[in-house]
Amino acid sequence: MMPDLGKYAEAVLSSYAISIALLAVLVIASVVRARRVKRDLESTEKRGRNHAD
Amino acid sequence: MIALLTRDLRLAVRAGGGFGLGLAFFLIVVTLVPFSVGPENALLSEIAPGILWLGALLACLLSLDRIFALDWEDGSLDLLATSPVPMEALVSIKALAHWLTTGLPLIVATPVFALLLSLPQAGYVPLVLSLFLGTPALSVIGTFGAALTVGIKRGGLLLSLLVLPLYVPTLIFGAEMARRGALGLDMKTAMMMQAGISFGVIALLPFASAAVLRVNLR
Amino acid sequence: MASIWQYANPRKFIQTTDRVLPWIAGAALVALIVGLVWGFFFTPEDYRQGSTVKIIYLHVPSALMAINGWIMMLAASLIWIVRRHHVSALAARAAAPVGATMTVIALVTGAIWGQPMWGTWWAWDPRLTSFLILFLFYLGYMALWAAIENDDTAADLTSVLCLVGSVFAVLSRYAVNFWNQGLHQGASLSLDKEENVADVFYFPLLLCIAGFVLLFIALVFLRTQTEIRARRMRALLVRERLG
């Protein structure tokens, strides 16, 4: 399954690991913040409407 | 406009700090370099042009936040903005005042500091020439950075972060010119590039600085 | 004015992007997985570079997106300055961290690749140096956004910074080229990427580039939505406090 990376295995694997980790952090951070802001906005809007009533 | 210039100059001299502080900082940088890299004259003379350029640049950076900060705090910047002087001229004058109080003293003092770093004999003229061409650009770019951060409290660090990348081309060509001059190499290309950058920056950047200042005074 | 606001209506932007976002994100995921798996498992080694050639599938796309990200921010800033679309300014803000991450990936993979190839993690090669400077520009841009409270002021100032920064980034690129040639004549460390790439490497690389582009678009859409909502919430909170 694993291709034979020879003497450069460390370099190749670490660059894949670091890149994918960085991308994952970026995506997760974006999604988490998107969800939180969306939820907060919805609750604020609801509160505003109740307030007006 | 001339009145504004003389006012700025007088303030810089009288307020203390601003005027001499840059020079003192420059001296400290030059003094610290041998402590960090060793006292060998051969090594020092090799890196002297670069160190002197870096020191001048940092000393320049140190005084940037004074360009608008005082006028911003006491509200005279708003008055200046409503005066008939166009904003572009205002920021140019501010940059000129900054150069006269920071850049020019640095240039005058540099030969003395170069002595401390045993700059080769042939290097003095190119070094002073390169600083003479380059420091106006530093002042103008710095004025842009100061205009960007004028409304921000404790914006000093941000100002450095914004301005330092913009200083890269000036530093490269200036230091390269001084280095080549010290080694007796042909420095015409670096000199032309440096002059080109300085003139371009002086001609165009005040418009950006003025636009930014207008936004901040809104 | 009305037509402009319809055209860049934040609500419409959210509606439209909400509809296309799953597709773009899905396509990005598929392209990235297929491209990277293909590249990692099913491409031969380069006769000169050995298995390190596999790093190309991360290095080249991220470097491309690092530059294109800045160009996108420049375009968005220009649109904000000329036509005052809030969505445009917020899209520029949303793109900055994505572009900065791409720059970091390009730098890190470059360093890891450089270690076995050139025998050093870092060389002041023009291309590397330019990327480091680009990263500094990203940092400054994001810091300026974060430092200013008023949204419109921040949008104006960062757009001007982006414009000026672009000019200086190009200047730095040429300056750095000159500087390094000045240091060691002719001895260049740059990889001749175009020459190296044979067909076997080319197709998975193309897929990876497509994946990175799609990922960038998806992230920018999502983050722009977030910025729009955050801005709206700030406005609501201010109104609440006043009313």
Side-chain angles (χ1 to χ4, degrees), chain A, chain C residues 14 21 25 28-29 32 36 39-45 49-55 57-59 61-62 94 97-98 100-102 104-106 108-117 212 215 218-237 239-240 243:
Chain A
M1 183 58 193
M2 259 326 261
D4 181 23
L5 295 170
K7 56 181 170 170
Y8 300 131
E10 220 171 274
V12 178
L13 289 177
S14 62
S15 61
Y16 271 75
I18 292 171
S19 305
I20 291 170
L22 278 171
L23 287 180
V25 167
L26 179 67
V27 170
I28 291 169
S30 305
V31 171
V32 167
R33 175 146 185 267
R35 290 229 176 104
R36 202 190 56 223
V37 170
K38 195 174 176 184
R39 205 183 48 228
D40 289 358
L41 178 62
E42 271 160 12
S43 71
T44 315
E45 275 177 336
K46 212 180 285 166
R47 195 173 53 203
R49 230 171 285 134
N50 293 342
H51 197 67
D53 286 343
Chain C
I14 288 187
L21 195 53
L29 197 68
L32 272 180
L36 286 178
F40 189 81
F41 292 104
F42 304 110
T43 53
E45 295 186 357
Q49 311 204 22
S51 60
T52 55
V53 75
K54 293 181 195 301
I55 298 176
Y57 306 115
L58 294 163
H59 184 68
S62 60
V98 186
T101 312
M102 294 297 176
V104 173
I105 292 177
V108 169
T109 53
I112 296 174
W113 198 355
Q115 214 286 323
M117 284 305 105
F212 268 78
L215 178 68
L219 281 173
V220 169
F221 276 175
L222 180 68
R223 298 181 69 97
T224 310
Q225 287 188 354
T226 310
E227 297 295 345
I228 292 172
R229 292 197 172 108
R231 190 189 147 93
R232 182 120 141 259
M233 195 161 72
R234 281 195 291 275
L236 282 178
L237 288 178
R239 207 181 301 160
E240 230 171 54

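Atom set for the values below is all heavy atoms of this structure, side chains included, hydrogens, waters and symmetry mates excluded. Keep in mind the model is a prediction, meaning the values are calculated, not measured.
Checked options A:K38, A:R36, A:R33; the residue passing with C:T226 is A:R33 (criterion: side-chain contact (heavy atoms from CB on, under 4.5 Å)). Considering C:F40, C:Y57, C:W113 as possible partners of A:Y16, the one that fulfils the ring-ring contact (aromatic ring centres under 6.0 Å, His included) test is C:F40.
Nearest heavy-atom pair across C:P97 and A:L26 is O-CD1, 4.3 Å. The minimum heavy-atom distance linking C:T109 with A:S19 is given by the pair CG2-OG, 3.2 Å. The two atoms that bring A:A34 and C:L222 nearest to each other are CB-CD1, 3.7 Å, heavy atoms only. The two atoms that bring C:I112 and A:A11 nearest to each other are CG2-O, 3.2 Å, heavy atoms only.
Of the listed residues (C:L219, C:L237, C:L32, C:V104), the one with the most heavy-atom contacts under 4.5 Å to chain A is C:L219.
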Inset, instruction - Give the C-alpha distance, both sets of side-chain angles, the deciding distance and a yes or no for side-chain contact (heavy atoms from CB on, under 4.5 Å) between C:L215 and A:V27. - result: CA-CA 9 Å; C:L215 178 68; A:V27 170; 4.1 Å; yes
Inset, instruction - Give the intermediate values and the outcome of side-chain contact (heavy atoms from CB on, under 4.5 Å) for residues A:L41 and C:L236. - result: CA-CA 9 Å; A:L41 178 62; C:L236 282 178; 3.9 Å; yes
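Atom NZ in C:K54 sits 10.5 Å away from atom CG in A:L13 (nearest 0.5 Å). Within the model, atoms CE of C:M233 and CG of A:D40 stand 4.5 Å from one another, a figure rounded to the nearest 0.5 Å.
When heavy atoms are compared at a cutoff of 4.5 Å, A:V25 does not approach chain C at all.
Between A:E42 and C:R229 there is no salt bridge, since none of the side-chain N atoms of the basic residue sits less than 4.0 Å from a carboxylate O of the acidic one.
Counting non-hydrogen atoms of neighbouring residues, nucleotides and ligands closer than 6.0 angstrom, the CZ atom of C:R234 exceeds 12 such neighbours.
Between C:M102 and A:L23 the shortest side-chain heavy-atom distance falls below 4.5 Å. At a threshold of 4.5 Å between non-hydrogen side-chain atoms, the residues A:I18 and C:L58 do not count as touching.
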